[in-house]
Structure formats: structure tokens, C-alpha cells
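Report on one structure; see the data block that follows.
Small disclaimer: the values here were computed from a predicted structure and weren't measured.
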Amino acid sequence: MAGVLAGVMGTAGGITSLISYPALLAVGLAPFAANVTNVVALVGSFPGAALGSRPELRGQTSWLKRWSLVAASGGALGVALLLLTPSSLFNRIVPFLLIVAALTLLAQPRISRWHHTRDHHDSEMPLAIGLFSVSLYCGYFGAGSGVMVLALLLLTVDEDFPRANALKNMILGVATAVAAVALLIFGPVHLAAAVALGVGVLMGSAIGPSVTRRLPSNVLRFTAALLGIGLAAWLFVTPNA
């Protein structure tokens, strides 16, 4: 049930791990095991979101092929850092990144209007750096990475919320899948929990895009921003969770 709710929330523009990660902690998994199990389970959102977002993804194949390589590289480096470094590496940085992403979502219409008055040819470099960095974080921990990518895509790629959200789901799906392969081999993944959560996420993520189409984009932006701020506060208060 947590997987279904997390899948709907994440693919509708919210934060999947806001539901899935605490659910794994609640059933008794240690923080590190919950982290790696969560990454593996969230692979289920990739096919589910692709199925539910077919209208928004039409004509986006070439873009996705190009930028998926960046996401895959970042995800691979992120999981390598996870397996080789202390798990506290991002603990104090991530809350501030989430707050920046949330505030960016809130200010996105104004920032986009300002962006239109400037030369658009410089947008690929911020996109490349941003996608690689967030994909790296996605492979390492990932909570709130959807809000970060969504804010980035709304500013640099597409101002249409449902379309940017669909692209976000695919890009993060690639980064998560790459990280999950390595974690299944080298990490302490709880397979039973990963399968149960992953099946729920698959079901919920197929529903999420339809929710995005039906709700006003301003409502979705404000909801995603508030969830990001809430998660930032929780991670700041409990950095070792």
C-alpha cells in the first residue's frame, strides 16, 4: 500500500521517497538497508510512469536518449559513492538543496519569464550539470531528487508541467535503474521488501500521470514545493535517518 501511494505521489510531481523510505524504516529495516532497498524498489516507477505518460512522451524519444546517458552516468557514480563512502556525506547538504528546489518551483513562472528575455543557447550547460548532479544524488540516496529535476526541467526544457513531469519520471527512472543493478549485486538489499514495495510503486506510478493531467499546474507546483520543504525539515532534524 505504501508503494501504491508513493508511486502516485512521485509520478504526479511529488516525492516518492517521502512515503516509501519511512515505510521501510517502519517495518524494521536499518537506515542503510532501507536506503538501498528503496532505490531498488523505485525501479518499478520507471515502466509504470512510461505507461501512464504516453501522451506527454510522444515525440520525446531523441531527447530522452541523449539525456539518459547523463542520468545513467550520474546514477552509476552515485551508487559507487554510496558503497565506498560514509552514509553521512549528503546529510547536511540535501535539506538546503531541497529548499532551493522548492523555492525554484514556487518562483518558476517568474524565472521562466525572465529566462525568455535572455539568450536560450546557454540552457544546455546548466541542464547537463544539473541532471548529472541530481542523478548522482539519486544513486546515492535520492529523497527529493524528483523535485530537484522537475524544477530544473521546468526552467530549461519545458514549462508545461505534465510534460516536464513525464520527462522527469523517465530521467530519474534511468538513474535509479543503473543504481539498482549495482545495489542488487553489492548492497544489503532486502529482496522481499523491495519486491513488495516495487509492485506497489509500479501500480501507483501508472496512475500518477493521469492525476497530473487533471489538476491545475499551480496546485501541483505548490504541493511539490511544500512537500520538498517538509522533507528538507525532516532530513535536517533527523540527518542520520
Inset, instruction - Let me see the working for Val178 and Val79 under side chain to side chain contact (heavy atoms under 4.5 Å, CB included), right down to the final yes or no. - result: CA-CA 9 Å; Val178 170; Val79 75; 5.8 Å; no

Legend entry - Reported CG-to-CZ distance for the pair Asn165 and Arg213, which is rounded to 0.5 angstrom: 10.0 Å

Inset, instruction - Examine the side chains of Thr11 and Asn169 and answer whether a donor and an acceptor come within less than 3.5 Å of each other. - result: no

Inset, instruction - Would you indicate whether the side-chain heavy atoms of Thr16 and Leu172 approach each other to under 4.5 Å? - result: no

Inset, instruction - With rounding to the nearest 0.5 Å, note down the distance linking CD1 in Ile207 to CG in Leu202. - result: 10.0 Å

Inset, instruction - Could you please spell out the steps behind the side chain to side chain contact (heavy atoms under 4.5 Å, CB included) verdict for Tyr140 and Asn35? - result: CA-CA 9 Å; Tyr140 191 93; Asn35 181 17; 5.5 Å; no

Legend entry - Gap between atom CG of Leu136 and atom CG of Leu131 - 0.5 Å precision: 12.5 Å

Legend entry - NZ on Lys168 to CG on Leu150, rounded to 0.5 Å: 6.0 Å

Inset, instruction - Specify the closest pair of heavy atoms between Ser53 and Pro209, including all atoms of both residues, with the distance to one decimal. - result: OG-CG, 3.1 Å

Legend entry - Gap separating the SG atom of Cys138 from the CG atom of Leu42, nearest 0.5 angstrom: 8.0 Å

Legend entry - Non-hydrogen atoms of Leu24 and Val27 that approach each other most closely: O-CG2, 3.2 Å

Inset, instruction - Compare all side-chain heavy atoms of Val40 with those of Leu191 and state whether any distance is below 4.5 angstrom. - result: no

Legend entry - Where Asn38 and Tyr21 come nearest, the two heavy atoms and their spacing: OD1-N, 3.8 Å

Legend entry - Donor-acceptor under 3.5 Å (Ser45 side chain, Ser205 main chain): no

Legend entry - Chi angles and distances behind the side chain to side chain contact (heavy atoms under 4.5 Å, CB included) call for Leu82, Leu183: CA-CA 9 Å; Leu82 176 65; Leu183 292 175; 3.8 Å; yes

Legend entry - Atom of Val39, atom of Thr176 and distance for their closest heavy-atom approach: O-CG2, 3.2 Å

Legend entry - Residue pair Leu154 / Ala164: nearest heavy atoms and the distance that separates them: CD2-CB, 3.7 Å

Inset, instruction - Treating Ile, Leu, Val, Met, Phe, Trp and Tyr as nodes and any side-chain heavy-atom pair under 4.5 angstrom as an edge, say whether Met148 and Phe132 lie in one connected cluster. - result: yes

Inset, instruction - Find out if a path of hydrophobic residues (ILVMFWY) with successive side-chain heavy-atom gaps under 4.5 Å connects Leu127 to Leu64. - result: yes

Legend entry - Within one Ile-Leu-Val-Met-Phe-Trp-Tyr cluster: Val174 and Val43, side-chain cutoff 4.5 Å: no

Inset, instruction - For residues Trp67 and Leu167, determine if any side-chain heavy atom of one lies less than 4.5 Å from a side-chain heavy atom of the other. - result: no

Inset, instruction - Would you kindly confirm whether Leu83 and Leu77 end up in one hydrophobic cluster when ILVMFWY residues are joined by side chain heavy atoms under 4.5 Å apart? - result: yes

Inset, instruction - Is it possible for you to say whether Leu51 and Val199 belong to one hydrophobic cluster, with membership spreading through side-chain heavy-atom contacts below 4.5 Å? - result: no

Legend entry - Gap between atom OH of Tyr137 and atom CG of Leu81 - 0.5 Å precision: 13.5 Å

Legend entry - Shortest non-hydrogen contact from Ala128 toward Val70: O-CG1, 3.8 Å

